[in-house]
Amino acid sequence: MNDIKLDWKLKLEEALFALALKQGLDISRDNFNLIVETPPKPEMGDLAFPLFPFAKMFKKNPVEIARDVKLYINENDPHSESSINSTGPYLNIKIDLSDITGKIINDILNAGNKYGYTDNYTNKKVMVEFSCPNTNKPLHLGHLRNDSIGMSVSRIMAANGADLRKVNLINDRGVHICKSMLAYKIFGDNQTPDSAGVKSDHFVGDYYVKFNTWSKEFPEAETEARAMLKEWDDGKSDITELWKMMNDWTISGIKETYLKTGVSFDKYYFESKTYMEGRAEVLKGFDAGVFYKEADGSIWADLSEIKLDKKVLLRSDGTSLYLTQDIGTAIARHRDWGFEKLIYVVGSEQQYHFQVLFYILKKLGFEWANDLHHLSYGMVNLPDGKMKSREGTVVDADDLVDELTSIAKKEIIAKERASLVGDLQKTSESVALAALNYFLLQISPGKDMIFDPAESISFSGNTGPYLQYMGARISSMLRKFEDRKDEFTKAKFNPEILVLDQERELIKLLLSFPEIVSDAGKGMNPSVITTYLYELSKVFSRYYHDTSILKDPDKDTVVSRIYLVKAVLQVLKNAFYLVGIPFLERM
RNA sequence: GCGUCCAUAGCUCAGCUGGAUAGAGCAACGCCCUUCUAAGGCGUAGGUCACUGGUUCGAAUCCAGUUGGACGUACCA
């Protein structure tokens with residue numbers, strides 16, 4: 001598609017240039033740069049070139065210029081004559097698809113699940129950090145958005161050729177961890193997740209909630225938690241044991257959720273192991289004069305250069321902070337695996353943190369600090385207000401996925417398809433995931449969003465299940481075709497048959513998929529893919545509705561359309577993968 | 001106070017580096033199942049793109065200001 005655009009752009013620019021010379025204008029070829037657009041309606045053409053910018057140069061109405069260019073092309077390039085149209089101040093081009101339809105469909109079917117891939121990041125190491133849960137409670141809705149974006153961006157970058165590594169940094173250290181430990185020590189009564197019959201991360205999370213209610217009555221709870229952190233730091237063995245046990249419970253529970261939601265990592269980092277990393281680097285920076293020391297011995301960074309205040313990096317007692325740790329982890333990671341790009345998928349509330357982090361790394365002389373990127377995503381709110389994890393108003397990730405699954409199941413049963421889908425439970429889970437991921441990824445990452453549970457589980461309209469349903473209908477059609485294969489042994493794929501408007505629309509969409517993947521990669525924005533998916537499905541739905549494919553009396557027509565349908569399905573599948581929509585043969 | 005982001009239909013959101021009449025879905029109201037899965041298709045209605053000014057042939061889009069909101073802001077993560 002890009003080549004075609006470029007060809008036309010050059011052809012028209014040359015024509016304009018030639019007209020300028022003819023008019024006696026002394027202007028270099030460099031000034032002729034056309035903008036390519038898509039006309040508002042398909043019947044107007046496939047490409048549009050606005051001519052307004054040339055009005056001044058030619059001292060002519062752009063409408064006239066458009067007419068002149070068309071005349072010029074008619075005279076000098078009769079082959080192109082039929083595809084060009086001057087519509088007011090625009091030159092509209094109708095692309096001749098007859099030559100490329102066969103090629104594009106074959107390309108798609110040959111490339112299979114690699115169709116659409118680009119080499120924008122080939123041989124580039126890209127690391128994506130996401131999820132990063134605390135080990136004092138289970139995952140909630142905010143994590144689901146984080147995970148959705150992290151997985152999707154990773155796949156999109158990989159589809160753009162990147163050598164990709166997904167990493168997760170587990171926050172398993174700090175006073176918040178002590179809170180659930182302390183509550184367990186007091187109220188736990190030696191229970192275990194097994195004995196209580198509770199999923200292990202929820203088991204730990206319940207004690208975190210318990211701590212917070214308890215600390216409202218007994219303010220000294222906070223002090224006790226802090227004292228526990230000190231003991232833990234000092235290596236007191238019973239606390240280390242308790243931590244190991246509870247930490248394992250949480251992590252194994254969280255990993256179950258990852259499995260269920262299709263989230264995976266190439267490497268886990270643990271803060272309990274990496275938190276010392278930053279200290280030495282900060283001290284080195286102090287020796288090099290990058291940082292300064294206050295009278296109480298704390299070490300600071302001066303941020304006035306980027307119009308911020310100042311930031312403490314080592315406390316007066318010499319212990320490190322979140323920022324210090326992140327400095328260390330970044331350096332360690334670059335040493336381990338020299339990435340060309342590191343994407344941190346972290347909430348927008350940490351925008352300041354990353355601004356400071358990147359600045360400090362630059363000041364420390366690491367040139368690769370320019371390759372760090374904070375992919376910030378907005379808060380997820382409920383229709384009736386805010387989520388607060390301490391007050392238990394969060395939407396729990398497991399609960400949400402389970403709820404979506406059970407609604408999907410009910411829906412399948414209500415449609416009397418339970419016996420037709422194969423494994424009902426698995427199908428329901430896939431539908432739930434499609435609903436969830438599509439809902440979360442549809443919205444541009446940077447924006448805050450309102451998550452309406454009722455709306456997300458509604459399966460009509462612009463939703464994940466709608467897209468899945470397209471895939472399932474196509475699959476069903478292809479099975480029916482396979483059953484009748486013998487009737488078509490002599491029929492041939494003839495791209496010239498595919499001339500309906502909707503077929504043209506589909507082919508253009510298929511053609512543009514690589515550009516979509518590229519745009520999504522450049523912008524690190526999965527919503528580019530979701531928008532495309534809906535567009536493709538919508539056009540296909542209409543086609544499916546209006547045109548009989550298997551029932552056409554002409555065998556060549558059936559086969560040719562089946563080729564097109566197969567190509568659509570392939571692109572659908574490839575795009576599904578990029579945004580975490582499970583493909584279903586039947587639903 | 002300062003910093004970052006945001007404001008588009010009743011609701012939830014698209015709108016690419018400025019370009020033709022601002023688009024979807026939901027909700028509302030109609031039409032279409034002896035026809036490849038109706039989880040579908042088609043249609044009607046719904047907008048001063050927060051406000052004001054500027055740049056431009058042209059602004060939802062860029063700039064400035066105003067209003068409203070979210071988040072952050074010197075020893076939590």
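Of the listed nucleotides (B/rA70, B/rG41, B/rA77), B/rA77 has the atom at the smallest distance from the side chain of A/Asn134. Minimum atom distance to the side chain of A/Lys41 is reached by B/rU21, of the listed B/rA38, B/rU21, B/rA24. Here the side chain of A/Glu455 is nearest to one of B/rA39, B/rG25, B/rG41, namely B/rG25. Here B/rG41 is the nucleotide among B/rA14, B/rA20, B/rG41 with the atom lying nearest to any side-chain atom of A/Tyr466. When each of B/rU4, B/rA24, B/rC36 is scored by its nearest atom to the side-chain atoms of A/Tyr544, the top-ranked nucleotide is B/rC36. Out of B/rC75, B/rA20, B/rC36, the shortest distance to the side chain of A/Asp296 is found at B/rC75. Comparing B/rA39, B/rC75, B/rU37 by their nearest atom to the side chain of A/Ser316 picks out B/rC75. The nucleotide whose nearest atom lies closest to any side-chain atom of A/Lys447 is, among B/rG40, B/rA7, B/rG72, B/rA7.
Distance check on atom P: B/rA7 versus B/rU12 gives 13 Å, rounded to whole Å. Here the separation of B/rA64 from B/rG69, taken at their P atoms, is 22 Å to the nearest Å. Comparing B/rU8 with B/rU48, their C1' atoms are spaced 12 Å from each other, to the whole Å. Nucleotides B/rG23 and B/rC49 are separated by 12 Å at their C1' atoms, to the nearest Å. B/rA60 and B/rG43 are spaced 26 Å apart, taking the P atom of each and rounding to whole Å. Across B/rU66 and B/rG3, the matching P atoms stand 12 Å from one another, rounded to whole Å. Atom name P, nucleotides B/rG54 and B/rC71: the rounded distance is 35 Å, in whole Å. When the P atom is compared between B/rA24 and B/rG15, the two are found 15 Å apart, to the nearest whole Å.
Atom pair A/Ile450:CD1 and B/rA14:P shows a separation of 12 Å (rounding to whole Å applied). In this structure, A/Phe540 places its CZ atom 12 Å from C1' of B/rG40, rounding to the nearest Å. Atom-to-atom, CD1 of A/Ile327 to P of B/rA77 comes out at 13 Å; the value is rounded to the nearest Å.
Map A/Ala48 and A/Gly446 each onto its nearest nucleotide of RNA chain B; the residue landing nearer the 5' end is A/Gly446.
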Could you pull out the protein-nucleic contacts involving nucleotides 29-35 of chain B (nitrogen or oxygen on both sides, under 3.5 Å)?
residue, atom, partner, partner atom, Å
B/rU35, O3', A/Lys551, NZ, 3.1
B/rU35, O2', A/Lys551, NZ, 3.0

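The cationic group of A/Lys179 does not satisfy the cation-pi geometry with A/Tyr208, failing either the under 6.0 Å distance to the six-membered ring centre or the 45° limit from the ring axis.
Checking the phosphate oxygens (OP1, OP2) of B/rC75, no side-chain nitrogen or oxygen of A/Lys310 falls inside 4.0 Å. One finds a side-chain N or O of A/Arg473 lying less than 4.0 angstrom from the OP1 or OP2 phosphate oxygen of B/rA38.
Using N1 to N3 plus N6-O4 or O6-N4 for Watson-Crick, or N1-O2 and O6-N3 for G-U wobble, each under 3.5 Å, B/rA27 pairs with nothing. B/rA77 makes up no base pair with any nucleotide shown, lacking Watson-Crick or G-U wobble contacts both under 3.5 Å.
Side-chain N/O atoms of A/Asp326 and base N/O atoms of B/rA77 include no donor-acceptor pair closer than 3.5 Å.
The glycosidic torsion of B/rC33 lies within 90° of 0, which places this base in the syn conformation.
When the shell of 6.0 Å around CZ of A/Arg479 is examined, it contains more than 12 heavy atoms from other residues, nucleotides or ligands.
Residues from residues 404-416 of chain A placing a heavy atom under 4.0 Å of any atom in RNA chain B, listed by number, are A/Ile412, A/Lys415.
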